[in-house]
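Working notes for the structure below.
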Amino acid sequence: RNSVIPGLPTIQSVSPATGSGSGRTITITGSNLAEVLSITFAGVGQPVFTGNPDFTQLTLLVPDGATSGNLVVTTRGGSASIPFTAIDPA
């Protein structure tokens, strides 16, 4: 049985870059964002997200308990991370 492993994911940006707290919507832009296994914010998981058809964007809510640290997207092809700054909602 032949299986194709997706390419290594990359993250170019997170929008908004700062000022995102629990319950706020963010968009992750990158490449090879297919077959996502997990998305974590400094270790806090967010299992619910939507992706676009060309696998370059993921849209999701910042989960409760998210803190500043690495935002990590793990796919079948590997993992990519970017620093993320969380704030408490005002």
Q | Between CD1 on residue I26 and CG on residue L58, distance to nearest 0.5 Å | A | 9.0 Å

**Q.** Test item: Q46 side-chain N/O and L60 main-chain N/O as donor-acceptor pair under 3.5 Å
**A.** no

Q | Connected via hydrophobic side-chain network under 4.5 Å: I39 and F55 | A | no

**Q.** same_hphob_cluster(I11, F49) at 4.5 Å side-chain heavy-atom cutoff
**A.** yes

Q | Over all atoms of both residues, closest heavy-atom pair of T75 and G7 | A | OG1-O, 4.5 Å

Q: List the atom of V73, the atom of P9, and the distance in Å for their closest heavy-atom pair.
A: O-CG, 4.3 Å

Q: Would you check if R76 and L37 make a side-chain contact, meaning some heavy-atom pair closer than 4.5 Å?
A: yes

Identify all side-chain donor-acceptor contacts of residues 27-34 below 3.5 Å with residues at least two apart in sequence or on another chain.
residue : atom : partner : partner atom : Å
T29     : OG1  : Q57     : NE2          : 3.3
S31     : OG   : T10     : OG1          : 2.5
N32     : ND2  : L8      : O            : 3.0

(Q) Can you give me the closest heavy-atom contact between S79 and V72, atom names plus distance? (A) CB-CG1, 4.2 Å

Q: Evaluate the side-chain proximity of F41 to P63: yes if any heavy-atom separation is below 4.5 Å, no if none is.
A: yes

Q) Does the side chain to side chain contact (heavy atoms under 4.5 Å, CB included) test come out yes or no for V14 and F84, once each step is laid out? A) CA-CA 8 Å; V14 175; F84 177 78; 4.3 Å; yes

Q: Measure the spacing between CD1 of I87 and OG of S68 and express it to the nearest 0.5 Å.
A: 9.5 Å

Q: Flag yes if L71 and V44 sit in one hydrophobic cluster, no otherwise; membership is Ile, Leu, Val, Met, Phe, Trp, Tyr, and two members link when side-chain heavy atoms are under 4.5 Å apart.
A: no

Q: Sequence neighbours left out, what passes side chain to side chain contact (heavy atoms under 4.5 Å, CB included) with T67? Give chain and number order.
A: A42

Q.
Show the nearest heavy-atom pair for residues D54 and N52, with the distance to one decimal.
A. OD1-ND2, 2.7 Å

